[in-house]
Trainee: 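Here it is, the structure, as structure tokens.
All values derive from a computational prediction rather than experimental measurement. Every heavy atom of this structure was used, including side-chain atoms; hydrogens, water molecules and symmetry mates were not.
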Amino acid sequence: MDFLNALVALLNFVVIPGVAYGSQLALGALGVTLIFGVLRFSNFAHGDTMAFGTAIVIMFTWLFQSWGISFGPLPTALLALPFGIAATAALVLATDAGIYKFYRRQKAAPIILVIVSAGVMFVMNGLVRLIIGVEERNFTDGARFLLDGNTFKAATGLAEPLVIKTTVAVTVVVAVICVAALFWFLQKTRTGKSMRAFSDNEDLALLSGINPDRVVQVTWIIAAALAVIAGTLYGLDKSFRPFVYFQLLLPVFAAAVVGGLGSPLGAIAGGYIVALSEVVLTYAWKKVATYVLPDSLAPDGLMQLLSTDYKVAVSFSILIIVLLFMPTGIFKGK
Amino acid sequence: MIVVENLHRHFGGFRAVDGASLKIETGSITGLIGPNGAGKTTLFNVVAGRLPPTSGRVVMDGEDITGMAPHELFAKGLLRTFQIAHEFGSMTVRENLMMVPAAQSGESLWNACFRRGAVAAEEKRLRDKADEVLEFLTISHLADQRASNISGGQKKLLELGRTMMVDAKIVFLDEVGAGVNRTLLNTIGDAIVRLNKERGYTFCVIEHDMDFIARLCNPVICMAEGKVLAQGTVEEVKNDERVIEAYLGTGLKNKVKEEAAHG
Ligand SMILES: Nc1ncnc2c1ncn2[C@@H]1O[C@H](COP(=O)(O)OP(=O)(O)O)[C@@H](O)[C@H]1O
Ligand SMILES: [Mg+2]
């Protein structure tokens with residue numbers, strides 16, 4: 001029984017939140033990695049692209065709520081997603097046409113583009129605060145739990161509850177659908193193959209008659225869609241605050257780099273690695289330990305390796321370790 | 001016909017192409033020779049839209065194509081290969097070829113989602129075409145290999161194969177023979193002649209192997225230090241004073257450099 005309780009506690013506090021957070025990071029990292037593959041620079045504005053898209057989704061969610069539209073047990077934000085994606089795609093396409101294109105024409109070095117993207121990041125950051133303010137926003141509605149703790153305890157007779165929040169289930173399902181759709185797109189469609197070809201060898205892609213403007217536009221649209229979805233899922237699961245999204249840039253980048261920049265599979269693996277490391281290192285293991293260890297060995301402290309305040313340090317350390325020892329990441333990116 | 005008029009391409013103060021003018025007649029296999037550093041590759045890069053010229057013009061069949069993007073030139077039937085073979089390393093040899101023909105029905109997402117039949121038929125046509133090209137180039141056995149794993153010479157063949165996936169008008173080949181063994185070089189030579197005779201391709205070929213040039217090319221253009229030195233049949237060019245001097249000159253310079261390096 002104790003063992004089962006420990007297992008449930010582990011699932012409840014480590015595995016489930018880790019997988020949900022990992023899915024959100026993976027979607028964010030996919031966008032970073034696609035931009036890197038095709039446009040060849042690390043887009044610092046990606047975190048704020050997530051924030052912008054989520055802000056728009058929240059506005060539409062409010063609008064729908066005021067009209068009395070809901071999505072049954074699912075969050076209304078899912079209905080607002082297409083609008084957030086459309087607005088964000090329009091914004092990044094405009095940014096590309098107005099700013100990045102200029103530097104591409106000049107054949108600017110990647111580092112210049114990175115710095116330009118940092119500039120774009122600050123502008124977007126301001127834009128988001130202008131639109132929705134700096135306060136924390138909770139925009140989750142619909143049913144709160146798919147499986148609530150009391151039902152679980154009553155059904156199994158265990159002391160530990162297993163809770164599955166609707167937002168967690170939605171995150172995982174949406175992430176799986178997005179990843180499947182993205183891989184289908186990259187592997188099977190002509191445009192997707194052009195993107196891979198372009199990422200593989202730009203000169204040769206141009207010689208094969210691939211239109212670079214089109215590839216770049218499609219890449220921005222996909223990256224924007226992934227950013228909005230990742231941001232919305234994260235916001236549903238936790239809450240929305242522009243500053244937090246700005247900070248999300250670090251784990252998202254860590255995920256993309258761990259997996260190997262430019263590798264979509266790597267971005268997904270990286271997302272889960274970073275998320276699980278963060279959760280494992282900042283979780284207070286006392287509860288699990290008390291179940292599995294005999295009483296005489298029961299821990300005094302919380303058995304928490306790192307305070308949650310330091311969770312950003314986890315991504316940062318992972319980033320540094322990977323760059324030092326495995327600069328191309330696990331899936332051999334660039 | 002391609003006409004290059006007084007073309008310049010400078011890198012900083014260095015004049016890699018320094019006022020080159022030449023003509024490539026439709027239906028010809030024109031050879032472009034010259035010592036290393038003569039500016040041949042740079043000329044190709046400018047003509048094929050990879051580099052903008054510093055000044056000068058490129059005209060194709062009466063139309064000014066100066067500074068057009070590579071994919072636009074591709075649509076006009078102007079293709080080139082690279083001195084150092086390029087390939088999509090993560091794809092198979094066959095997939096590399098199947099990437100080539102642009103603007104087919106699979107291009108739009110709408111078609112990819114809702115007109116699967118048309119897209120599948122297109123895929124099949126492409127696949128058959130790619131297999132036909134591989135057969136022609138005698139590398140059918142490599143079809144399913146990853147392109148990053150084949151030899152340098154085979155990559156050169158693959159480059160040539162890319163130009164055969166569409167009905168090209170004019171193809172610029174940059175050192176097709178470099179690093180390729182005799183047998184493979186003969187295969188490449190045969191392929192070029194057949195494409196020229198049977199499908200009316202015009203070629204402009206950079207090559208250092210004079211036997212190869214003598215066998216295929218008429219006329220031959222010789223460049224040195226960014227300028228066109230001589231043009232004519234192989235024999236004429238070979239016996240041209242300035243050409244001999246250009247080759248000898250660099251030979252001597254190289255020798256002096258070598259001695260300086262060793263002594
Ligand atoms: N991107 C570049 N930047 C600076 N110099 C270049 C560049 N490309 C070529 N060059 C110089 O231009 C000259 C001509 O080079 P290239 O056209 O490759 O000659 P070839 O193909 O005839 O051997 C060489 O001296 C080379 O170093
Ligand atoms: Mg060259």
Side-chain angles (χ1 to χ4, degrees), chain A residues 33-34 37-38 85 89 101 104-108 177 180-222 225 260-266 328-329 331-334, chain B residues 44-45 48-52 68-82 84-91 95-113 116 119-120 122-123 126 146-148 155 158-159 161-163 165-166 168 171-172 174:
Chain A
T33 239
L34 287 177
V38 171
I85 291 173
K101 192 169 188 174
R104 268 203 307 282
R105 281 252 180 78
Q106 314 248 309
K107 301 214 186 328
I177 293 173
L182 179 67
F183 277 81
W184 171 80
F185 175 79
L186 289 177
Q187 301 292 335
K188 296 287 179 216
T189 68
R190 182 89 197 151
T191 312
K193 284 185 205 165
S194 307
M195 275 174 63
R196 279 167 58 212
F198 201 85
S199 159
D200 209 338
N201 188 328
E202 184 177 342
D203 275 330
L204 186 52
L206 294 177
L207 271 191
S208 308
I210 293 172
N211 181 345
D213 297 330
R214 197 185 137 84
V215 169
V216 164
Q217 281 170 0
V218 172
T219 308
W220 276 118
I221 293 173
I222 294 175
L261 271 173
S263 155
L265 266 182
T328 53
F331 282 81
K332 292 263 180 293
K334 294 169 186 166
Chain B
F44 270 26
N45 281 337
R50 192 172 179 226
L51 289 176
M68 273 194 192
H71 70 279
E72 293 168 324
L73 294 172
F74 175 93
K76 294 188 183 300
L78 188 155
L79 278 68
R80 63 89 57 99
T81 65
F82 290 103
I84 296 167
H86 282 35
E87 75 286 335
F88 298 126
S90 66
M91 300 182 191
E95 283 172 334
N96 261 266
L97 290 179
M98 288 172 64
M99 271 318 298
V100 176
Q104 331 150 52
S105 54
E107 186 77 20
S108 89
L109 198 56
W110 171 263
N111 282 335
C113 295
R116 306 299 294 278
V119 176
E122 186 74 40
E123 280 278 313
L126 262 183
R146 253 173 164 252
S148 53
K155 283 180 189 172
L158 180 57
E159 286 247 17
R162 272 195 300 108
T163 70
M165 287 297 290
V166 283
V171 180
F172 290 82
D174 197 348

Trainee: In Å, rounded to the nearest 0.5 Å, how long is the span from NE2 of B/H71 to CD1 of A/I210?
Mentor: 10.5 Å
Trainee: Distance from B/M98 atom CE to A/K193 atom NZ, nearest 0.5 Å?
Mentor: 5.5 Å
Trainee: Please check: side-chain N/O of A/N201 versus main-chain N/O of B/F88, any donor-acceptor pairing under 3.5 Å?
Mentor: no
Trainee: Holding to ring pair (Phe, Tyr, Trp, His ring centres under 6.0 Å), I want the full list of residues that pass it with B/F82, two or more places apart in sequence or in another chain.
Mentor: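 Scan of B/F82 (ring pair (Phe, Tyr, Trp, His ring centres under 6.0 Å), adjacent residues dropped) gives B/H86.
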Trainee: What residues, two or more places apart in sequence or in another chain, satisfy side chain to side chain contact (heavy atoms under 4.5 Å, CB included) together with A/A225?
Mentor: A/I85
Trainee: Chain A: which of B/G89, B/A75, B/G49 shares the most heavy-atom pairs with it under 4.5 Å?
Mentor: B/G89
Trainee: Is there a side-chain contact between A/R190 and B/L126, using heavy atoms and a 4.5 Å cut-off?
Mentor: yes
Trainee: To check you understand the geometry: which heavy-atom pair defines the closest contact between B/R162 and A/L207, and what is its length?
Mentor: NH1-CB, 4.0 Å
Trainee: Keeping A/R196 on the side-chain end and B/S90 on the backbone end, is there a donor-acceptor pair under 3.5 Å?
Mentor: no
Trainee: Looking at CG of B/L73 and CG of A/L206, how far apart are the two atoms once the value is rounded to the nearest 0.5 Å?
Mentor: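 Interatomic distance, B/L73 CG to A/L206 CG, rounded to 0.5 Å: 10.5 Å.
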